[in-house]
Asker: 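Take a look at the following structure, please.
Bear in mind that the values here come from a model prediction, so they are computed numbers and not experimental data. Counting convention: from 1, in listed order, for ligands and their atoms alike.
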Amino acid sequence: MNLALFWGIINLENMTEINLESLKIEAKKELENSSDLRQLEEVSKRYLGKQGEIARILRSLDGLPKEKRAAIGKQANDFKNFINLKIEEKTKELKEKSGRGLGSKEWIDITAPGRKPSVGHLHPLTLTRRKIEEIFQTMGFSIIEGPEVENEWYNFDALNIPKDHPARDAWDTFYLKNGMLLRTHTSPVQIRFMEKNNPPFRVIVPGRIFRHEATDPSHEFDFNQLEGLMVGEDISAANFKAVIEEFYRRFFGKQVKIRLIPSFFPFTEPSFQVDMSCVNCGGKGCPACKHTGWLEMMGAGMVHPNVFKYAGLNPKGLTGFAFGMGLERLAMMKYKISDIRLFRGGDLRFLQQF
Ligand SMILES: [Zn+2]
């Protein structure tokens, strides 16, 4: 073998190795410094193009022995893959970067249908309350409101529940530090209204009430009550029955029967529990009514003469009825809701159904 040629081959081989290593470092630097896709394209062309560095190296291998050629060819190929991979990464990076500022350059299809804004809707309790108010208004009832923070006089004493009366224990009350309390029912508004208005009148009082109770599917510590009061000269339990039957018929949209069962409340005498024929089964019996055909709906009664007195009215010749029902309970029956806690749970899957 020609010695000179032998050395030449060695030199060429060494040179190629050195070239590849330094080229790799150089290429890496150039790729990293590319600040846009055009620059990147130039770097790609310089190394991978037909007249590029890799093509030049491969061409210079002519005349080398087969194994050497293969070895350097493989290195050149690795180098090519390395550059391709780097370019791919850098392209992605640059595209992401420029994408952030694309908003102004982006093409907008003005014929595409617009995105509908979501309008929202009323809460099921608001729907229920409005429906109730509408029905009672058509029967001549006015809607009145009162404070949610009350004193003991309006919440208890004036409603014929003296301090030592065991009935006071039936209301689990939230007391405030200043001696006030969160009203446990809407009945205090009866007193507040009668202090300022002379009979005859008929009013309903929807509103929030608070009881210190543990929550479960049918109990909340913060819920809504609907109070009713009708006072005049010859108001009887028969009037009450007619008004309530008509209310339920319109609220549930079907004919219902009601029955009055003797009960006790300090502020009414006589007092009754009001049952309604089950709207679910029509009175035949089903799980909703525990197979009795009846649903317990509310407490009611004829206004106690003491309550008139405490409100500053002369009870002589004055009669009236009062009732109180839970707004949530009515909504639960109307919409077949199984858990009272859903109303304030904030779960959109529940709320979006209304
Ligand atoms: Zn039933």
Asker: With sequence neighbours excluded, give me every salt bridge (Lys or Arg N to Asp or Glu O under 4.0 Å) pair touching residues 177-199.
Answerer: Glu150-Arg192
Asker: Side-chain donor-acceptor contacts of residues 284-298 below 3.5 Å, not counting sequence neighbours, with atom names and distances?
Answerer:
from   : atom 1 : to     : atom 2 : distance (Å)
Thr292 : OG1    : Cys289 : O      : 2.7
Thr292 : OG1    : Trp294 : N      : 3.2
Thr292 : OG1    : Trp294 : O      : 3.1

Asker: Using the benzene-type ring in the case of Trp, are the ring centres of Phe343 and Phe223 under 6.0 Å apart?
Answerer: no
Asker: Which residue pairs pass the side chain to side chain donor-acceptor pair (under 3.5 Å) test when at least one of the two sits in residues 315-330, sequence neighbours left out?
Answerer: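 Sorted result for residues 315-330: Asn224-Glu328.
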Asker: Sort by chain and number the protein N/O/S atoms that are closer than 2.8 Å to the Zn ion (ligand 1), and list them.
Answerer: Cys278 SG, Cys281 SG, Cys286 SG, Cys289 SG
Asker: Which class fits the ring pair Phe79 and Tyr47: parallel under 30°, tilted 30 to 60°, perpendicular over 60°?
Answerer: perpendicular
Asker: For the atom pair CZ (Phe221) and CZ (Phe210), what is the distance rounded to the nearest 0.5 Å?
Answerer: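 It comes to 9.0 Å.
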